[in-house]
Amino acid sequence: MRYPTVALMTIILASGTIVANGLRGAGPEPETNDRATDREALAEGTISIISSFPPDGYIDPRDPGGGQGMDEITLTFDGGTSGLTTLDFSITVTDGTAPTIVGLAPSGNDITLSLDGPIPSWAWTTFTHNASGTSTRIGFLPGDCNGSGRTNGIDALRFFDGVFGCWDPPFPELPLEFFLDINGSGTINPLDFTRWRQGVLGLIGPRPWYDETLPE
């Protein structure tokens, strides 16, 4: 059956099909999920990093031997993250070689960056969202239990203060293991202080830990 031109256009438009200059074609279905909203926000450059886990400024005090060290970070934005890709981030370090992002796991306003290895020790590592310029900086300084940016005798005092519940760490939202689990076993015990002492005396690893600082 042949429809008159006007009737044909009416049927097509009513069915949601686009007609332009006599050509007919199905238009794209509108995005209705969170990803559409995230993409719009990304296009406008409106999302920024507002927090992270571990938090900005945290210093990992663990022994870097055996490949220990942070190999992922979760960034929290002020908008959805499902439209982000690895190209949206850059990683810089103050010393050593920057790790590479090998995986992304977005979840709402959070996104977890998985790395191809731990961040370099005796250095700051900065994770930057390129579009907004916002960033999070994490340090890795073996033996720096109190997060001061220098490994010295005060860290030994803070270790025992922490064990006996007499010290509030710089980031109270983090478990105490983030500051005192020097050997990376997952628990705090006498072996952690033994490892700290060995590192400070230069009995393990490539260099003594004592009086080392993080370069800016």
Side-chain angles (χ1 to χ4, degrees), residues 49-76 89-99 101 112-129 134-189 191-216:
I49 298 172
I50 58 174
S51 64
S52 66
F53 186 87
D56 179 48
Y58 168 72
I59 298 174
D60 188 344
R62 288 177 293 176
D63 172 19
Q68 288 193 108
M70 194 187 74
D71 59 5
E72 69 175 28
I73 184 170
T74 298
L75 305 175
T76 299
F89 299 96
S90 59
I91 301 177
T92 57
V93 296
T94 55
D95 194 18
T97 302
I101 300 173
T112 299
L113 281 57
S114 297
L115 312 176
D116 63 350
I119 62 175
S121 49
W122 292 283
W124 286 104
T125 299
T126 302
F127 301 85
T128 302
H129 175 238
T134 52
S135 62
T136 286
R137 187 170 77 155
I138 304 296
F140 190 0
L141 182 60
D144 183 21
C145 298
N146 68 350
S148 67
R150 179 184 296 272
T151 301
N152 52 32
I154 297 177
D155 294 297
L157 297 177
R158 294 296 173 263
F159 181 92
F160 287 105
D161 286 344
V163 167
F164 291 108
C166 304
W167 174 59
D168 294 323
F171 298 100
E173 69 270 27
L174 295 177
L176 198 58
E177 284 80 4
F178 274 70
F179 305 94
L180 306 184
D181 182 22
I182 305 301
N183 65 1
S185 67
T187 60
I188 302 169
N189 55 47
L191 295 178
D192 292 300
F193 186 74
T194 298
R195 185 66 60 88
W196 184 91
R197 185 175 61 83
Q198 290 172 334
V200 165
L201 296 175
L203 302 178
I204 56 175
R207 59 204 262 195
W209 300 356
Y210 189 76
D211 211 28
E212 288 282 353
T213 60
L214 286 175
E216 293 295 333

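Computed from a predicted model, the values in this text were never measured in an experiment.
- Annotation: side chain of Pro169 is in contact with side chain of Leu176 (closest heavy-atom distance under 4.5 Å).
- The side-chain heavy atoms of Pro142 and Asp63, taken from C-beta on, include no pair separated by under 4.5 Å.
- Arg207 meets the side chain to side chain donor-acceptor pair (under 3.5 Å) test with Glu212; sequence neighbours excluded.
- The local environment of CG in Leu191 is crowded, with over 12 non-hydrogen atoms from other residues, nucleotides or ligands closer than 6.0 Å.
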For a salt bridge (charged side-chain N to carboxylate O under 4.0 Å, His left out) check, start with the C-alpha distance between Asp144 and Arg150, then their side-chain angles and the critical distance, and finish with the verdict.
CA-CA 6 Å; Asp144 183 21; Arg150 179 184 296 272; over 6 Å; no
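- In terms of heavy atoms, Gln68 sits closest to Gly184 at OE1-CA, 2.8 Å.
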Between Ile101 and Leu113, is a side chain to side chain contact (heavy atoms under 4.5 Å, CB included) present by the stated rule, with each step listed?
CA-CA 6 Å; Ile101 300 173; Leu113 281 57; 3.6 Å; yes
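- With a 4.5 Å cut-off on side-chain heavy atoms, Trp122 and Pro64 count as touching.
- Considering all non-hydrogen atoms of both residues, Asn152 and Tyr210 come closest at CA-CE1, 3.6 Å.
- The structure places CZ of Phe159 at 5.5 Å from CG of Leu180, a figure rounded to the nearest 0.5 Å.
- The two residues Thr134 and Ile49 make their nearest non-hydrogen contact at OG1-N, 3.0 Å.
- Looking only at side-chain heavy atoms (C-beta outward), Ser148 and Ile59 stay at 4.5 Å or farther from each other.
- Residues Phe89 and Thr128 are not in side-chain contact: their nearest non-hydrogen atoms beyond the backbone lie 4.5 Å or more apart.
- The aromatic rings of Phe171 and Tyr58 stand perpendicular to each other, their planes meeting at an angle above 60°, with 30° marking the opposite boundary.
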Run the side chain to side chain contact (heavy atoms under 4.5 Å, CB included) test on Leu174 and Phe53 for me, step by step, so that the C-alpha distance in whole Å, both residues' side-chain angles and the decisive distance to 0.1 Å come before the verdict.
CA-CA 9 Å; Leu174 295 177; Phe53 186 87; 3.3 Å; yes
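- Counting heavy atoms from C-beta on, the side chains of Pro120 and Thr125 come closer than 4.5 Å.
- Rounding to the nearest 0.5 Å gives a distance of 4.0 Å between CG of Asn183 and CG of Asp192.
- Once rounded to the nearest 0.5 Å, the distance linking CD1 of Ile204 with CH2 of Trp209 reads 4.5 Å.
- For Asp168, the CG atom counts as loosely surrounded, since its 6.0 Å shell holds 12 or fewer non-hydrogen atoms of other residues, nucleotides or ligands.
- Looking at Asp181, its side chain does come within 3.5 Å of a backbone N or O of Gly186 through a donor-acceptor pair.
- Asp155 approaches Cys145 most closely through the heavy-atom pair OD1-N, 3.0 Å.
- To the nearest 0.5 Å, the span separating CD1 on Ile91 from OG on Ser135 amounts to 12.0 Å.
- Considering only heavy atoms from C-beta on, Ile188 comes within 4.5 Å of Val163 through its side chain.
- When every heavy atom of Trp124 is checked against every heavy atom of Arg137, the shortest pair comes out as CE3-CG, 3.3 Å.
- To the nearest 0.5 Å, atom CD1 of residue Ile182 and atom CG of residue Asn189 are 11.0 Å apart.
- Contact detail for Pro54 and Phe178: the closest heavy-atom pair is CG-CE2, 4.2 Å.
- Paired with Phe140 under the rule side chain to side chain contact (heavy atoms under 4.5 Å, CB included), one option of Val93, Asp60, Leu214, Asp95 passes, and it is Asp60.
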What verdict does the side chain to side chain contact (heavy atoms under 4.5 Å, CB included) test give for Met70 and Ile138, after you've listed the backbone C-alpha separation in whole Å, the side-chain angles of each residue and the deciding distance to 0.1 Å?
CA-CA 9 Å; Met70 194 187 74; Ile138 304 296; 4.0 Å; yes
Report the C-alpha separation of Arg158 and Asp161 in whole Å, then their side-chain angles, then the decisive distance to 0.1 Å, and conclude whether the salt bridge (charged side-chain N to carboxylate O under 4.0 Å, His left out) test is met.
CA-CA 5 Å; Arg158 294 296 173 263; Asp161 286 344; 3.0 Å; yes
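- Residues Trp167 and Asn146 form a side-chain contact, since some pair of their non-hydrogen atoms from C-beta on lies under 4.5 Å apart.
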